Amino acid sequence: MDMKWFDDMEARIPKGKVRTRFAPSPTGYMHIGNLRTALYTWLIARHQDGTFILRIEDTDQERLVEGATEVIYKTLRECGLTWDEGPDIGGPVAPYIQTERRDTYGRYAELLVERGHAYYCFCEKTESEEESGSFDRSADPCRSLSLEEAKARVAAGVPHVIRQKIPAGGTTTFSDAVFGDITVDNDTLDDQVLIKSDGLPTYNFANVIDDHLMGITHVVRGSEYLSSAPKYNLLYQAFGWEVPTYIHCSPVMRDAHNKMSKRHGDPSYQDLIAQGFLSQAVVNYVTLLGWSPRGEYSEREFFSLEELAQVFDIGGISKSPAIFDIEKLRYFNAKYLRELSPEDFYALAEPYLREAVKTPGIDLKLIAPLVQPRCDTLLDIAPQVDFFDALPEYSNELYCHKKMKTNEENSLEALKQVLPVLEGLSDWTYDAIHDALIGLAEKLELKNGRIMWPVRTALSGKAVTPGGAVELCHILGRDEALSRIRKGIAQLGG
RNA sequence: GGCCCGGUGGUCAAGCGGCUAAGACACCGCCCUUUCACGGCGGUAACACGGGUUCGAUUCCCGUCCGGGUCACCA
């Protein structure tokens, strides 16, 4: 064995700082649980001024998806999760794509074989599993094959895998930052495959090798990997390597029984963005799904990414699964939307407004502030502003409003009073319209609603609108507003 | 089924031996108001169950029940 090569690999490992990694498989789809893992991983690194690494785990050749890494880059960038080392920018422990590290895994696996912690196995793919749950180590003839014999068969080109040789008897204790210490009997652990017959490593093996070789100090991953974790310890021990801090996170659920999944039609990050959610809102909400700030921040729930990096602590991660609640996400999103400056909101809303309101004279900048406090997502804009282009058909019953004390008769009367007042207006400004309408109500000694409700109804044909009578008059413009009021009068039989 | 893990309102959750058991979403009511929102105020609602340990358990231990994960040459 060329030990110099191993020494060189070791020598490249950066030391002394926190180093974390997000290691997705390129599936072309960033689901919420994955995003949360990325978030926690990034947060741990940034909290300690450490290094965040992106690594692509593409060892499953059958599941490769074209353009999938682009989705990962794009999502991470949109969310503000900047990486310091990765496939696209390189780094001290490159390469960052597992298929490009192929020989490395093979060499380490062979080292393990030499040391007696792994063995070549020539058996067919696993056919039938034992029911007992505990393994009879002597059952596999390959396990006890002599090294010479095994090597001879390998040299002869016999297809094979390399398996981990789990010690017979005894226990292994694994330590997790959120679940604590977990001890299992070695006899419940199987001699898992390390190197597949295609020469590529399994996920479990590649993880251990890469995390060590990349100097990873904290590993964040889903709790579905918890039960394979003790086998990692054995691997680290066999190599004589230091075990990183493991942080297993319970899944993000769609309901009490099922994880969020593409199969069930649950939204991915991309889907949420398409549904009009803001990246920052998603990031904020998802971080809080399974983690909560402690101490002085325990009552707070709105945080920017930078603030999260400040307060994030591993101890706040929850052990139990969390159900994804789109209603609460909507609340977060609505809050983020409302707190945007009018300019920023307009920038985001403009494409949606432009799509919904096509009448040339209408100033979309006037509509934006009306819808800003009235939408949870950007998709809520269009249905609210449809009446600007064309007055919908509406029933006269719309004129009847108990609280406003309006009915068809007094609405007709109100509109008839309003028409000449507005016709006589020299300035078609918000203030002028406002003063005219309020003035009319005062003059007639009526409550404002008696005038405003009929006008708003005539202008929109809807029971609910963003903005009231004055705003709508202003935005529609003199001609259209007066025309709609006349239409209202006619429809009411006047 | 074996092994591992979890269990505070409908949901997210604080709590880490002593509290009238926080807060948020949702829901309900009131206020504000030219509709609806926004905003403000208030309300309904929880420690899965049974044993211990203790002067005292939501908190520690055991069991039961319920739920999740895992038992692949997928990750």
Side-chain angles (χ1 to χ4, degrees), chain A residues 23-25 27 57-60 62-63 121 123-126 129-135 159-163 174 176 179-180 182-185 187-190 192-198 200-204 206-207 221-230 248 250-251 253 255-259 285 288-295 298-302 316 318-325 327-332 334 338 370-375 384 398 401 403-404 434 437-438 441 447-457 460 462-471:
Chain A
S25 292
T27 61
E57 307 216 335
D58 58 347
T59 57
D60 184 359
E62 290 172 18
R63 291 212 308 206
C121 177
C123 301
E124 293 287 300
K125 287 194 180 189
T126 342
E129 290 303 317
E130 290 101 313
E131 298 292 317
S132 66
S134 108
F135 296 83
H160 63 278
V161 299
I162 296 178
R163 287 183 183 274
F174 166 79
D176 182 82
F179 288 96
I182 296 166
T183 300
V184 297
D185 288 335
D187 291 340
T188 65
L189 270 20
D190 64 328
Q192 66 175 339
V193 171
L194 267 19
I195 301 291
K196 299 182 272 190
S197 54
D198 64 2
L200 284 169
T202 55
Y203 166 82
N204 288 325
N207 248 268
R221 32 141 54 172
S223 63
E224 66 267 31
Y225 301 120
L226 204 48
S227 53
S228 57
H248 284 92
S250 285
M253 312 288 285
D255 56 45
H257 305 288
N258 306 288
K259 275 210 267 191
Y285 173 68
L288 258 21
L289 255 192
W291 173 81
S292 68
R294 313 206 286 176
S298 70
E299 288 195 20
R300 184 171 159 188
E301 52 183 7
F302 286 92
S318 160
K319 293 185 204 179
S320 34
I323 299 175
F324 179 84
D325 181 5
E327 283 306 318
K328 184 130 190 186
L329 206 215
R330 291 183 77 86
Y331 163 77
F332 268 78
R338 269 181 261 122
L370 262 31
V371 294
Q372 186 170 6
R374 279 172 251 256
C375 51
Q384 295 185 60
L398 261 190
H401 190 282
K403 192 146 172 264
M404 294 299 114
H434 176 269
L437 258 22
I438 295 290
K447 291 202 60 166
N448 291 340
R450 281 284 304 278
I451 299 295
M452 301 299 194
W453 179 269
V455 170
R456 199 184 55 78
T457 301
S460 66
K462 297 181 79 172
V464 172
T465 56
V470 180
E471 286 92 343

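Bear in mind the structure is a predicted one, so any value in this text is a computation, not a measurement. First the proteins, then the strands, lettered A, B, ... as listed; each starts at 1. Scope of the values below: all heavy atoms of this structure, side chains included, with no hydrogens, waters or symmetry mates.
Using a 4.0 Å heavy-atom criterion, one finds that A:Gly290 contacts the sugar-phosphate atoms exclusively. A:Ala322 comes within contact range of the sugar-phosphate backbone alone, with a heavy-atom separation under 4.0 Å but no base atom that close. At the heavy-atom level, A:Val193 lies under 4.0 Å from the strands shown only through sugar-phosphate atoms. Backbone-only engagement by A:His257 is indicated by non-hydrogen atom pairs under 4.0 Å involving sugar-phosphate atoms exclusively. Across all strands, A:Val371 comes closer than 4.0 Å to no nucleic acid atom at all (heavy-atom distances).
Outside the 6.0 Å centre-distance limit, the rings of A:Tyr331 and A:Tyr285 are not counted as a close aromatic pair.
Proximity of a side-chain donor or acceptor of A:Ser250 to a complementary backbone N or O of A:Lys319 within less than 3.5 Å is detected. At least one donor-acceptor pair closer than 3.5 Å links the side chain of A:Trp453 to the backbone N or O of A:Leu398. Of the possible donor and acceptor atoms, none in the side chain of A:Asp185 sits under 3.5 Å from a partner among the backbone N and O of A:Asp187. At distances below 3.5 Å, at least one donor-acceptor pair connects side-chain atoms of A:Arg456 with backbone N or O atoms of A:Ala463. Distance alone, capped at 3.5 Å, is enough to place a donor-acceptor pair between the A:Ser25 side chain and the A:Glu57 backbone. No donor-acceptor pair closer than 3.5 Å links the side chain of A:Glu301 to the backbone N or O of A:Leu288.
Remark: the separation of the C1' atoms in B:C65 and B:G40 is 45 Å, to the nearest Å. Of the P atoms belonging to B:G42 and B:A22, the separation is 14 Å, rounded to the nearest Å. Rounded to whole Å, the C1' atom of B:G50 lies 23 Å from the corresponding atom of B:G68. Nucleotides B:G43 and B:C25 are separated by 15 Å at their P atoms, to the nearest Å. Comparing the C1' positions of B:G52 and B:G10 gives a spacing of 33 Å, expressed to the nearest Å. Across the P atoms, B:C66 and B:C28 are found 35 Å apart, a figure rounded to whole Å. The gap from the P atom of B:C73 to that of B:C27 amounts to 49 Å, rounded to the nearest Å. Between B:U58 and B:G7, the two P atoms lie 16 Å apart (nearest whole Å).
When distances are taken from the side chain of A:His401 to each of B:G68, B:U35, B:A14, the shortest belongs to B:U35. Out of B:C73, B:G69, B:A26, the shortest distance to the side chain of A:Ser197 is found at B:C73. Distance from the side chain of A:Glu299 is smallest for B:G23 among the nucleotides B:G23, B:C74, B:U70. With B:G68, B:A14, B:A37 as the choices, the nucleotide that has an atom nearest any side-chain atom of A:Ser298 turns out to be B:A14. Here the nucleotide nearest the side chain of A:Ser318, chosen from B:A13, B:C73, B:G23, is B:A13. Of all nucleotides listed (B:A75, B:C73, B:C4), B:C4 comes nearest to the side chain of A:Ile182. Taking every side-chain heavy atom of A:Arg338 into account, B:G39 is the closest of B:G68, B:G39, B:C73. For A:Val470, taking side-chain heavy atoms from C-beta onward, the closest of the listed nucleotides B:U34, B:A14, B:C3 is B:U34. In this structure, of B:A24, B:C73, B:U33, it is B:A24 that holds the atom nearest to the side chain of A:Tyr331. In the set B:A37, B:A75, B:G6, the nucleotide with an atom closest to the side chain of A:Arg374 is B:A37.
B:G42 is paired with B:C28 under the criterion used here, namely a Watson-Crick or G-U wobble arrangement in which both key atom distances are under 3.5 Å. Under the Watson-Crick and G-U wobble criteria, each requiring two contacts below 3.5 Å, nucleotide B:C71 is paired to B:G1. Across the strands present, B:U35 finds no partner; the criterion is a Watson-Crick or G-U wobble pair with both atom distances under 3.5 angstrom. For B:A48, the paired base is B:U64 (Watson-Crick or G-U wobble, both distances below 3.5 Å).
You'll find a donor-acceptor pair under 3.5 Å spanning the side chain of A:Tyr225 and the base of B:A75, going by distance alone. Side-chain N/O atoms of A:Lys328 and base N/O atoms of B:A26 include no donor-acceptor pair closer than 3.5 Å. A donor N or O paired with an acceptor N or O is found under 3.5 Å between the base of B:U33 and the side-chain atoms of A:Lys403. Residue-to-nucleotide contacts include no donor-acceptor pair under 3.5 Å from the side chain of A:Thr465 to the base of B:C36.
Taking atom CD on A:Gln192 and atom P on B:A75, their separation rounds to 11 Å, with Å as the unit.
Defined by atom type and a distance below 3.5 Å, a donor-acceptor pair is missing between the side-chain atoms of A:Asn204 and A:Asn207.
Within the 4.0 Å cut-off from OP1 or OP2 of B:A14, not a single side-chain nitrogen or oxygen of A:Arg294 is found.
With RNA chain B read from its 5' end, the first of the two nearest nucleotides for A:Ile323 and A:Asn204 is the one closest to A:Ile323. Nearest-nucleotide mapping onto RNA chain B: of A:Phe179 and A:Gly295, the residue sitting toward the 5' end is A:Phe179.
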